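Below: one structure, written as structure tokens.
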2 protein chains.
Amino acid sequence: MLKVDLQMIENERAKFLRHLAKAGRRVSHGREIIFDEVMRSHGHFTAEELVKECLQKKLKVSRPTVFRVLNDLLEAGIIRETAFGDKHRHFEHVYDEKPHHHAQCIRCHNFIEFPDRKEDKIYHQYLEKQGFKILGHEMHFYGICKDCQLKEV
Amino acid sequence: MLKVDLQMIENERAKFLRHLAKAGRRVSHGREIIFDEVMRSHGHFTAEELVKECLQKKLKVSRPTVFRVLNDLLEAGIIRETAFGDKHRHFEHVYDEKPHHHAQCIRCHNFIEFPDRKEDKIYHQYLEKQGFKILGHEMHFYGICKDCQLKEV
DNA sequence: TTAGCATATGAGATACTGTATCATTAAGAA
DNA sequence: TTCTTAATGATACAGTATCTCATATGCTAA
Ligand SMILES: [Zn+2]
Ligand SMILES: [Zn+2]
Ligand SMILES: [Zn+2]
Ligand SMILES: [Zn+2]
């Protein structure tokens, strides 16, 4: 989960600028605005949420630019895309995070994170025995969070 | 994984007919065609694949009907929906299957299945301690399958 | 400062998956 | 065969993401 940490934000900004410089891209208005907005967001977010936030705040960025900068941030290793069973693109911050999985509440759609355990290795062995080269894995629990259970009738 | 098994298909067809009768629905042309097409498909499939298959074979069914019958088959317990990190609806057959997870090849998009192990329980304990009520979970590995590794340059 | 070029951007079109509407067709009972 | 009702397809639509391309902007070199 994201703690506000100005030093970290500056580190990430430096990383972003280095990436842009190396790729011969410019530090444009859109990239600065959206970088700031992403850094302000906590935990997980979707592309749509970010677009809506920018429109509400009347930031001078368009929908395609949001998606373009999200791709820049992915390339720069500042955010990571996480797959879920819906039609939205989900992202989360990379910094200061240990490998973890997600549990999502089907009512409020919030996430709980839990650390990756080496017990998953038993599956690795099984797959590797079949010649499958593992590049990654995600575990996704779904259910009802504590708060939403309390709200139940 | 699906073995062609005529007896099983007849069992599933009977189950489908029972379900339709109980719900007061008709055994229509579209339902028969799409049931057959689903039974012909092996393993996992998406709604889009099924639609394309029907169009290619010039079967007399429309896109909305494919989706409607998929919902019928879900209700009847003949197929089950599985969530993946893309924007497609994924389905698989229910019969003769034990709880399992999926590994998907990023090249050919085929699936390998592996059985669910009780080692996942360690995550259950963690989440339940936080008051999260678990309704289900999926584990999704991605990587490169044996065949695609052999095809590499 | 200015000119010139390459990149970034936004408006709008487009792709793609999935649903909703509704007039028409067809299943199944009598 | 007739009648009632469910099923269907054509079409429009919703929602997310991407593409196109003319224009705007940042950057570099005079
Ligand atoms: Zn909740
Ligand atoms: Zn996370
Ligand atoms: Zn493969
Ligand atoms: Zn499966």
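Quantities reported herein were computed from a predicted structural model and do not represent experimental measurements. In what follows, chains are A, B, ... by sequence order, proteins preceding strands, each numbered from 1.
Checked by distance alone, A:Arg25 brings no side-chain donor or acceptor within 3.5 Å of a matching partner on the base of C:dA8. A donor-acceptor contact under 3.5 Å links the side chain of B:Arg26 to the base of D:dT5. The base of C:dG10 sits within donor-acceptor range of the side chain of A:Arg68, with an N or O pair under 3.5 Å.
In this structure, A:Val51 reaches neither bases nor backbone, as no heavy-atom distance under 4.0 Å exists between it and the strands shown. In this structure, B:Arg63 reaches the bases: a heavy-atom distance under 4.0 Å links it to at least one base atom across the strands shown.
For an aromatic pair to be called close, the ring centres must be under 6.0 Å apart, and A:Phe141 with B:Phe132 fails this.
Atom P of nucleotide C:dA11 and atom CZ of A:Phe67 are separated by 16 Å, given to the nearest angstrom. Residue B:Asp86 contributes atom CG, which lies 13 Å from atom P of D:dA17 at whole-angstrom precision. Rounded to a whole Å, the CG atom of A:Asn71 is 11 Å from the P atom of D:dA17.
Along DNA chain D, the nucleotide closest to B:Val61 and the one closest to A:Lys52 are compared, and the more 5′ of them pairs with B:Val61.
Ring-plane geometry between B:His140 and B:Phe111 is classed as tilted, the angle between the planes lying from 30 to 60 degrees on a 0 to 90 degree scale.
Note that CD of B:Glu10 and CG of B:Leu17 are 9.0 Å apart. Values are rounded to the nearest 0.5 Å.
Distance from the side chain of B:Glu48 is smallest for C:dT17 among the nucleotides D:dT11, D:dT8, C:dT17. With distances taken from any side-chain atom of B:Pro64 to the nucleotides D:dA10, C:dG12, D:dA7, the minimum falls on D:dA10.
There is no side-chain donor-acceptor pair under 3.5 Å between B:Asn71 and B:Glu75.
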